[in-house]
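Naming: A, B, ... by sequence-line order, numbering from 1 per chain.
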Number of protein chains: 2
Amino acid sequence: MANSPSGDSVTDRIVRVLETFTPSRSVQTAAEVGRRAGLPASTAHRIVGDLVEAGLLDRDGEGRISVGLRLWELATRSSHVLRVRQAALPAMERVQARVREHTQLAILEQDEALFLERLSDPRAGANITRIAGRLPLHASSSGLVLLAFAEPAVQERVLGGPLRRVSASTPTDPAAVRRKLAEVRRLGHAIAPGYIEEVSTGVAVPVRDDAGRAAAALSVVLPRDAVPALALEELHRAALEVERALRSPL
Amino acid sequence: MANSPSGDSVTDRIVRVLETFTPSRSVQTAAEVGRRAGLPASTAHRIVGDLVEAGLLDRDGEGRISVGLRLWELATRSSHVLRVRQAALPAMERVQARVREHTQLAILEQDEALFLERLSDPRAGANITRIAGRLPLHASSSGLVLLAFAEPAVQERVLGGPLRRVSASTPTDPAAVRRKLAEVRRLGHAIAPGYIEEVSTGVAVPVRDDAGRAAAALSVVLPRDAVPALALEELHRAALEVERALRSPL
DNA sequence: CCGCGGCTCCCGTTCAATGGGAGCGCGATG
DNA sequence: CATCGCGCTCCCATTGAACGGGAGCCGCGG
């Protein structure tokens, strides 16, 4: 390879380039990509050009760069995500039809909750959760469920790290979060009033794998003071259905 | 870089590695990845290791390799696909609730139909379309719609290439496909009886962009001899709704 | 008209990447 | 029990893909 004064590998640079694209920055110039990826201008232009040629990035008629469809295709077609989403979608649709609120599917990824799907209801309030977006585990109902039913090592690691406040109601005291996790395990669900947004309550249940761990979390976002009974009933029923779908062979 | 006796770039090799993962081969050993990507064993192990470290691939407890969640996340979170899917999903759910058949969303990609979403109904028959899967344009109702309302250059390129037969009913004569495209433009929809599977009829309508091109295609898969009137009505209504959703600012 | 930023292209430099091979572990087979 | 085949890790001499500074062009805004 090349002499790389910075010592970076090509793989590292490609990942940094891809990481510059975010939900709020889905289109940018190659120069901007380079600056954000920490690359010299000519290197950035060259790497972006290579990725465009490979289909991982796309260059529009005005020369602006975005994530390419080929990347989405390669990332999706053989991904575990697709299987989980497809298993969950019918059940999520039913939850949403009955509860009439945003319905979400999340999994544990690198000590955070990663959202695989979100069915939005136009009548429901605004909601910051995004598909392919992340939320801290301690700060969301999905996250609490994923953490409560994770391996103890994950729990210790998360509780030993910083617990970021997302809203005034987010618990950040490790002991309080630990108690909350014990409650989630006892009840089999999590209720998180105002943890993310003051006006909303997240309600989540686990989708268990064969070992009893949370393979995923199903949740809805209710208005802050709504009674969660119906939502819990529908979510539990949905979770059983998703567990069944995930167990059946393809 | 490196002395690369084959002259391959690192980017090319990474793409070839990612391309070895398919819907029917979502898990494989690093050695298998290397063979399929045309790489020497030690090179394959090294590149796979780098991609695992970057999160683009994942290595399970038994050392088998699959596509990583990070890749899905990076590919999805800022992708145009997400916006189109989210705009279409409510309308697709309504079509499915009323028509009770598989409902699909496709876009044009590299002279093929790429499927972004498929809502499956358990009551519906089997269907080979897959999310993040492709079908030839001339051989599917979605593809016919995407092609009929594409730029003339795309039409000429596709009609000038091989038209692969997918089932006994797939049209492969360029003149016949050209006539079919004229019919699709005149009627504003495509009906494809048995083009993919003999027992099914695909019915598709375009989701138009501001220039009148097909930004996407919405379709359902009916039993071969079903009357398409209801499906067409629902699909057209859904398409208008998706067009409206795509026009509105985020 | 000038300054600025994006972009393409060139090319001397160099170390990241290459890949053959040694060696280990494991499972299957005779 | 010995042997074989395969996957995998690690080493390291080799080398050319990759690096990135800089020249130059173009378009745009002031």
Report the distance from atom [atom1] of [X] to atom [atom2] of [N], rounded to the nearest whole Å.
| X | N | atom1 | atom2 | answer |
| --- | --- | --- | --- | --- |
| A:I47 | C:dC7 | CD1 | P | 15 Å |
| B:I14 | C:dA16 | CD1 | P | 16 Å |
| B:R64 | C:dC26 | CZ | P | 17 Å |
| B:E53 | C:dA16 | CD | P | 15 Å |
| B:H45 | C:dG21 | NE2 | C1' | 14 Å |
| A:R46 | D:dG20 | CZ | P | 8 Å |
| A:D12 | C:dA17 | CG | C1' | 13 Å |
| A:E32 | C:dG5 | CD | C1' | 11 Å |

Nearest to the [X] side chain among [options], which nucleotide is it?
| X | options | value |
| --- | --- | --- |
| A:V10 | D:dG20, C:dT18, D:dA18 | D:dA18 |
| A:P40 | D:dG7, C:dG6, D:dG21 | D:dG21 |
| A:A30 | C:dG6, C:dC7, D:dT9 | C:dC7 |

Identify whether the distance between the nearest side-chain nitrogen and carboxylate oxygen of B:R36 and B:E19 falls below 4.0 Å.
->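 Answer for the salt bridge query: no.
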B:S79 side chain to B:R77 side chain, donor-acceptor N/O pair below 3.5 angstrom |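 Not at all, the side chains of B:S79 and B:R77 share no donor-acceptor pair under 3.5 Å.
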Does the side chain of B:T11 come under 3.5 Å of the side chain of B:R13 through a donor N or O and an acceptor N or O?
->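 The criterion, which ignores hydrogens and geometry beyond distance, is not satisfied for B:R13 and B:T11.
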Just checking B:S9: base, sugar-phosphate only, or nothing, at a heavy-atom cut-off of under 4.0 Å?
->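 Counting heavy atoms under 4.0 Å across all strands, the contact made by B:S9 is with sugar-phosphate only.
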Does a distance-only test, which skips hydrogens and angles, find a donor-acceptor pair under 3.5 Å between the side chain of A:T29 and the base of C:dG6?
->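 Donor-acceptor pair under 3.5 Å: no.
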Between A:R59 and B:D8, who's closer to the 5' end of DNA chain C by nearest nucleotide?
->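 That would be A:R59.
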Earlier contact from the 5' end, DNA chain C, for A:G7 and A:R35 =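 So the residue in question is A:R35.
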Where do B:F115 and A:W72 come nearest, in terms of heavy atoms and distance?
->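 So the two residues come closest at O-CH2, 3.6 Å.
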N or O in side chain of A:S42 less than 4.0 angstrom from D:dG20 OP1/OP2 |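 For D:dG20, neither OP1 nor OP2 has a side-chain N or O of A:S42 closer than 4.0 Å.
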Does B:R13 make a side-chain N or O approach to OP1 or OP2 of C:dA16 shorter than 4.0 Å?
->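 Answer is no, no contact under 4.0 Å.
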Distance from A:K180 atom NZ to A:L144 atom CG, nearest 0.5 Å?
->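 Nearest 0.5 Å value for the NZ-CG distance: 6.5 Å.
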